[in-house]
Engineer: 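This structure is in structure tokens; I'll ask about it shortly.
In each ligand, atom 1 is the first atom listed, and ligand 1 is the first ligand listed.
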Amino acid sequence: MKEYFEGIGKVEYEGPETDNPFAFRHYDPAEKVGRRTMEQHLRFSVVYWHTMKGGGIDPFGPSPVYDRPWETSRDPMEAAEDTMRAAFEFFTKLGVPFWAFHDRDISPEGDSLKETNERLDRMVKLAASLQRETGVKLLWGTSNCFSNARFTHGAGTNPDPHVFAWAGAQIKKCMECTQALGGANYVFWGGREGYSNLLNTDLKQEQEQMARLLRMAADYKKEIGFRGTLLVEPKPKEPTKHQYDYDAATVLGFLRAHDLLDDFKLNLEANHATLAGHTFEHDLTVAAAEGRLGSIDANRGDLLLGWDTDQFPTDLYGTTYAMMVILRQGGLRTGGVNFDAKVRRGSFDVEDLFHAHIGGMDAFARGLKTAARILEDGVVGDFVKGRYAGWRRGIGRKILRGEATLADMEAYVHEHGEAARVSGREEWLENVINSYL
Ligand code: XUL
Ligand code: CO
């Protein structure tokens, strides 16, 4: 079989002292952190769209600048098959347990839905055999309902129900394919489910439509017995000015308003959270507080650029804070750490794909180990617990139980006078975190 990543072997753990750029310094899949191995905690996943299909394009360079040895055939299906084989070679050499795809990444559209679906079936068959051969599993599948010109004004939120029908048909098929590949989750990222101008938009109508689409998907999941978790991925903007799935809090409110909360969890992406004006750990904490944190798209933005740069995660504070939230909720369950990240336009060699993923995996491994130590030592946790101790006794407990009124508050203040002023100790807590890094 043709080798696409020639000269690069299986990436192994060699420890922090190694000078081999194709080795892990911190990610040792078999090493235990608490009761689980690193591999079980992190459930790393490579995305097909950036890693296999990304061309390094940007608004001023719309043609691909990467020469990928798997994209040489002029026959689109042959190129798709070569790409799939190269993908599994990459997953295996990198040693990730999972991958993720959009329907349109793995298989080019045909002239009709029928032809498109037949092509997809052919590619899913190949993916299934490569999964069996390599042991690599599918973290999630998703439908690309945003690239085709028909989705210019949205998919589920399109003013035309004919376009909604296309989205529904595509999601139906892609969920079937995800099930056939044993996918652990199915993701909804509403690429164009928002508006670019309120003057031509009926916002309430569009949100009703979106809820119908998600309801249909949740019903279909039950109908076919798909066992994966359904995940909604928030993003505030880009390509639209405003996306309805703005951030974790917005999506949770939307799901609750439309009686969908029991059927969906969230897939949270670092750079989407920062675009929404939040930290990643903010959005993770919001979702985890409701028991709805399903999976993460691991990447980072650039403080000096205002768009979704999808860079590989290297910031150890970011990975540590993220892993603290994840560990506190008891792990990601069916989810994983999915590298929805791309190498820079100038990083056009295939070896750059290895450097990028190795760096991201090591950064998350360090984040995991550091977060586990912080939680185990309990200094931060004990401080927070102590800070809210008043709510577990006396008047605090009565308030939370709903057994107190505003008149009781008035009587309490008359009796106890001024409240004590207690420092939040933010700087000390930051020092504590630094002492682990
Ligand atoms: C876009 C994005 C998507 C989703 C899947 O910003 O994150 O790639 O993760 O559609
Ligand atoms: Co994403």
Side-chain angles (χ1 to χ4, degrees), residues 43-55 57-59 98-107 138-148 151 154-157 167 170-171 173-175 177-178 183-194 210 213-214 217 228-248 251 264-276 278 280 283-284 287 293-302 305-313 318 322 332 335-343 356-357 360:
R43 297 168 60 81
F44 284 129
S45 163
V46 168
V47 305
Y48 210 91
W49 51 101
H50 290 312
T51 297
M52 304 314 299
K53 303 288 291 180
I57 60 172
D58 69 19
F98 292 100
W99 67 297
F101 73 93
H102 296 88
D103 45 8
R104 295 294 87 90
D105 308 330
I106 61 169
S107 177
L138 179 63
L139 186 68
W140 48 263
T142 189
S143 210
N144 176 336
C145 296
F146 43 86
S147 293
N148 190 293
F151 296 123
T157 60
Q170 215 176 300
I171 289 165
K173 179 68 183 170
C174 192
M175 200 186 291
C177 294
T178 302
N185 308 271
Y186 188 87
V187 165
F188 297 83
W189 172 59
R192 295 181 195 275
E193 311 293 27
M210 196 60 219
L213 189 62
L214 293 180
T229 311
L230 301 183
L231 302 169
V232 176
E233 180 175 328
K235 184 173 180 178
K237 56 189 165 196
E238 200 197 272
T240 65
K241 169 157 75 184
H242 176 92
Q243 295 202 190
Y244 299 131
D245 296 337
Y246 196 89
D247 60 2
V251 173
F264 291 86
K265 285 188 173 182
L266 304 190
N267 179 45
L268 296 178
E269 178 164 325
N271 206 171
H272 294 182
T274 50
L275 278 180
H278 305 310
F280 189 30
D283 252 24
L284 294 172
L293 170 55
S295 196
I296 67 168
D297 273 6
N299 62 15
R300 73 183 156 94
D302 185 314
L305 297 172
W307 66 88
D308 196 10
T309 58
D310 281 339
Q311 283 160 256
F312 274 82
L332 287 170
V337 176
N338 181 52
F339 289 112
D340 193 355
K342 59 188 179 205
V343 290
H357 285 87

Engineer: Which is the closest N/O/S atom of Glu233 when seen from the Co ion (ligand 2)?
Structural biologist: OE2
Engineer: Could you check which of Glu233, Lys235, Gln243 puts a non-hydrogen atom nearest to atom 9 (O) of ligand 1?
Structural biologist: Glu233
Engineer: Under 3.5 Å, is there a donor on one side chain and an acceptor on the other for Asp310 and Asn299?
Structural biologist: yes
Engineer: Have a look at the Co ion (ligand 2) and estimate, to 10 degrees, the angle subtended by OD2 (Asp297) and OE1 (Glu269).
Structural biologist: 100°
Engineer: Looking at Arg43 and Gly335, would you say the former's side chain and the latter's main chain have a donor-acceptor pair under 3.5 Å?
Structural biologist: yes
Engineer: N/O to N/O below 3.5 Å, does that happen between Asp297 and ligand 1?
Structural biologist: yes
Engineer: Say whether Trp49, considering both its backbone and side-chain N or O atoms, lies within less than 3.5 Å of an N or O atom on ligand 1.
Structural biologist: yes
Engineer: Does Trp140, backbone or side chain, put an N or O under 3.5 Å from an N or O of ligand 1?
Structural biologist: no
Engineer: Judging by distance only, is a nitrogen or oxygen of Asp310 under 3.5 angstrom from one on ligand 1?
Structural biologist: no
Engineer: With heavy-atom distances below 4.0 Å as the criterion, list the atoms of ligand 1 near Asp308.
Structural biologist: 6 (O)
Engineer: Is the Trp49 ring parallel, tilted or perpendicular to the His102 ring (thresholds 30°, 60°)?
Structural biologist: perpendicular
Engineer: Looking at Gly336, is its backbone amide N or carbonyl O close enough to the side chain of Ser295 to form a donor-acceptor pair, meaning the two atoms are under 3.5 Å apart?
Structural biologist: yes
Engineer: So, Asp310 and the Co ion (ligand 2): N/O/S under 2.8 Å, yes or no?
Structural biologist: no
Engineer: Donor-acceptor pair, Glu193 side chain versus Thr157 backbone, under 3.5 Å?
Structural biologist: yes
Engineer: Classify the angle between the aromatic ring planes of Phe44 and Phe339 as parallel (below 30°), tilted (30 to 60°) or perpendicular (above 60°).
Structural biologist: parallel
Engineer: Taking the side chain as C-beta and beyond, is there a heavy-atom pair between Asp302 and Gln311 under 4.5 Å?
Structural biologist: yes
Engineer: Could you tell me the residue and atom name of the protein heavy atom closest to atom 5 (C) of ligand 1, and the distance to it rounded to 0.1 Å?
Structural biologist: His102 NE2, 3.3 Å
Engineer: Using a 4.0 Å heavy-atom cut-off, say whether Glu238 meets ligand 1 through its side chain, its backbone, both or neither.
Structural biologist: neither
Engineer: Is the closest heavy-atom distance from His272 to ligand 1 below 4.0 Å?
Structural biologist: yes
Engineer: Do Asn144 and Asp103 meet the criterion of a side-chain donor-acceptor pair at a distance under 3.5 Å?
Structural biologist: no
Engineer: Would you say the side-chain atoms of Asn185 pair up with the backbone N or O of Gly228, donor to acceptor, closer than 3.5 Å?
Structural biologist: no
Engineer: Relative to the Co ion (ligand 2), which of the N, O or S atoms in Asp340 is the closest?
Structural biologist: OD2
